[in-house]
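These notes are about the structure you will find just below.
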Amino acid sequence: MGSDREEQLPPLFVTSRGKGTFLYRAFAGSVFLGISLIWVYRLAYLPDDDDDGSSRWRRWAWVGMLGAELWFGFYWILTQASRWNLVYRQTFKDRLALRYEHELPGVDIFVCTADPAIEPPAMVVSTVLSVMAYDYPTEKLGVYLSDDAGSELTYYALLEASRFAKHWLPFCKKFKVEPTSPAAFFNNKSSPESIGTHANEEFRAIKNRIDTTCKLNRVPDQVRSDHEEFSQWDSYSSKRDHDAIIEMLIDRTDPASIDNEGNVLPTLVYMAREKRPDYFHNFKAGAMNSLIRVSSVITGGEIILNVDCDMYSNNSKSIRDALCFFMDEEKGHEIAFVQFPQNFVNVTKNELYGSSLQVINNIEFHGMDGYGGVLYIGSGCFHRRDILCGMKYSKEVKRTTLISRRSGGEDQPIGRIHDPQKLRVLASCTYEKNTKWGNEVGLKYGCPVEDIITGLAIKCRGWKAVYHNPEQMAFLGLAPTTLLQTLVQHKRWSEGDFQIALSKYGPARYGPGRISPGLILCYLTYCLWVPNCIPTLYYSMVPSVYLLRGTSLFPEISSPWVVPFVYVIFAKYAYSLVEFLQSGGTVLGWWNEQRIWLYKRTSSYLFALIDTIVKLLGFSKTTFVITAKVADEDVLRRYEAEVMELGATSPMFTLISTLALLNLTCLLGFGIRLVMMSTDSVVNYSGSMFLQGVLCGVLVLINFPLYQGMFIRKDAGKMPIPTTVTSVVLAVSVCTCFAFLY
Ligand SMILES: *[C@@H]1O[C@H](CO)[C@@H](O)[C@H](O)[C@H]1NC(C)=O
Ligand SMILES: CC(=O)N[C@H]1CO[C@H](CO)[C@@H](O)[C@@H]1O
């Protein structure tokens, strides 16, 4: 290749640094000073160890406060890493088209679904259609649906979709439709109605057929007799026990596979890997690895995109965006994957469950990107196939970018194996036995967050990752719509991340020398979510019960030591509010986010910690809970009205409501005590208990929706009465013990 010419070409992407970095660093330094002063205060004023019981209790509580504050300070330092050095990326798709339009690489897109009852097939095929309609040469596109339930309903839906694609793809092209998910496009009130009536009717008809079939739980006999492949389900016994089923619904190399306007259609493949009760299936990582193998012999695209089945494409140019990174002459060769943010269509204005992940998407990931290593979060991510399959980075491969390998003619010959028998072998339970799959090749096994650990391993092999967060969001999915879903989802995430921290791939152990120190800190922020539960529980209980007793654990209001406490708390929260507003949130949304922050820490993370310990002791195995993507209408109505959904029985709910009631009792007790005092002692007393009272008061305020759910609301989403009763009993007994015993 003419390398002189290459070097003068303007780049395909540019990276810019965030503004105000210096100011931010100065601010962070001042907060750190405040934190250090808090530590100093705790050490300097450690209560003496008298024999008197009450002061001994105070001493221990004080030591606990110090421990909690040491942890919070340490964790705060970790979170600074992802704010230290923000970078933003911009791509030039016109340059890409100009230079490489005729040598664009093949792209295989994997959509994973696991259960037709939780992830409705009509939604899944809308996602499939949205990615089939990417603005990309269709003869280079392969779309694969992995159905881990091996359900014929999902296959049926895909069959309908493959027929609808013949209308949908030319329609998208002709009218430049955005987004290319038919469900999203036709549901959007602002979509021009005039252009789509016919397509809309057709889509509604197909959606109805799919929904009806799913409701009846049975594929129509006519369809079954017209399509002999349904006979493969004759041997199907359950979603945990069935043969591999691989069907090519559209083969782009087949001259008959054209849309209504005569253009080639992208390849479309249905895959249900073999499942047997005796073989562990490794959840989504197992499905992804089967897809990697099967696709490698059918279309063998150099680039792999994987999306969750609810994450439709909202930007038909995303592939081109990603290629601007991979194909950049200067830097492209070291990039292993390009991660897009996970955005959600379902979020309400003041996001009650904090599930829009705005701060992660708009701040923290840009910070990780600054260290060359955003997380791989399992959806909306473009990978280079050879790197995902274990290739190591080395200086020699510097020039083997996608392009030069392609034009060098060293392409792995794509077998174009269409022999179903051979394909099924690739998706069989036994294929991976005694191979490196799940370890050095493909996605890693043995961790509930296979994506995070795989991304980390890739970076530890020397590769870089890029985060691209374009204005027009690339992928849109569904956020959890109930409190319990949110808490359960976070339990899974935090538990998985914590397992990474404890494993031999723990960033602090495996990272040094392989990835940058900043990136290690960023990873630790996520991997150490779980241990936050202990100090948070401590801080939300102990000061409150000591308030009830009248024992002070904070400096008096007139003492200069109040300053660092007030400054750190004020600075931290004011900044987090600014950050939240900058990321497109509202003030109320921020307040809601703080509540979820508390609930996650005191329930999800605690249960994750308990489960981790139980597993370490060898009592149970990893289980995987899929987050439901559908909710009944009643629940949805409350979600849209931003009324907290509490109508479920869960130990998590018992825990958070006990804590809420505990704080309420303590605050009331404190109030009663104040009322019964003389004016002089009120001033003194409230001065010494000031910070503690504020802390308890804020905890009561933030728990307001819980009190409502327990005592005021009458709808089906209120707290179940048994939970309320249990929590009241627990909270009152704890308070009584502390107030009157010892
Ligand atoms: C999704 O795409 C549409 C059409 O281009 C755009 O108007 C909309 O803003 C996008 N949605 C989001 C959340 O970015
Ligand atoms: C599946 C689901 O929850 N969908 C809802 C997402 O939110 C929109 C509007 O907020 C609803 O119309 C959907 O039904």
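Numbering of ligands and ligand atoms starts at 1, following listing order. Counting from 1, the numbers follow the sequence of the chain as shown.
Checked by atom type and distance alone, the side chain of R252 pairs as donor or acceptor with a backbone atom of L141 at under 3.5 Å. For the pair S146 (side chain) and C112 (backbone), a donor-acceptor distance under 3.5 Å is absent.
Residue R17 qualifies as open at atom CZ: its count of foreign heavy atoms under 6.0 Å is 12 or below.
Nearest protein heavy-atom neighbour of atom 5 (O) of ligand 1: Q472 NE2, 3.0 Å. At the top of the distance list for atom 12 (C) of ligand 1, counting protein heavy atoms only, stands N314 ND2, 3.5 Å. Distance from atom 4 (C) of ligand 1 to its nearest protein heavy atom, with residue and atom name: E178 CB, 3.6 Å. Protein heavy atom nearest atom 13 (C) of ligand 1, with residue, atom name and distance: M473 SD, 3.2 Å.
Paired with F340 under the rule ring-ring contact (aromatic ring centres under 6.0 Å, His included), one option of Y376, F365, F382, F325 passes, and it is F382.
For atom 9 (O) of ligand 1, the nearest protein heavy atom lies 4.0 Å or farther away.
E329 and R99 are joined by a salt bridge, as a carboxylate oxygen and a charged side-chain nitrogen come within less than 4.0 angstrom of each other.
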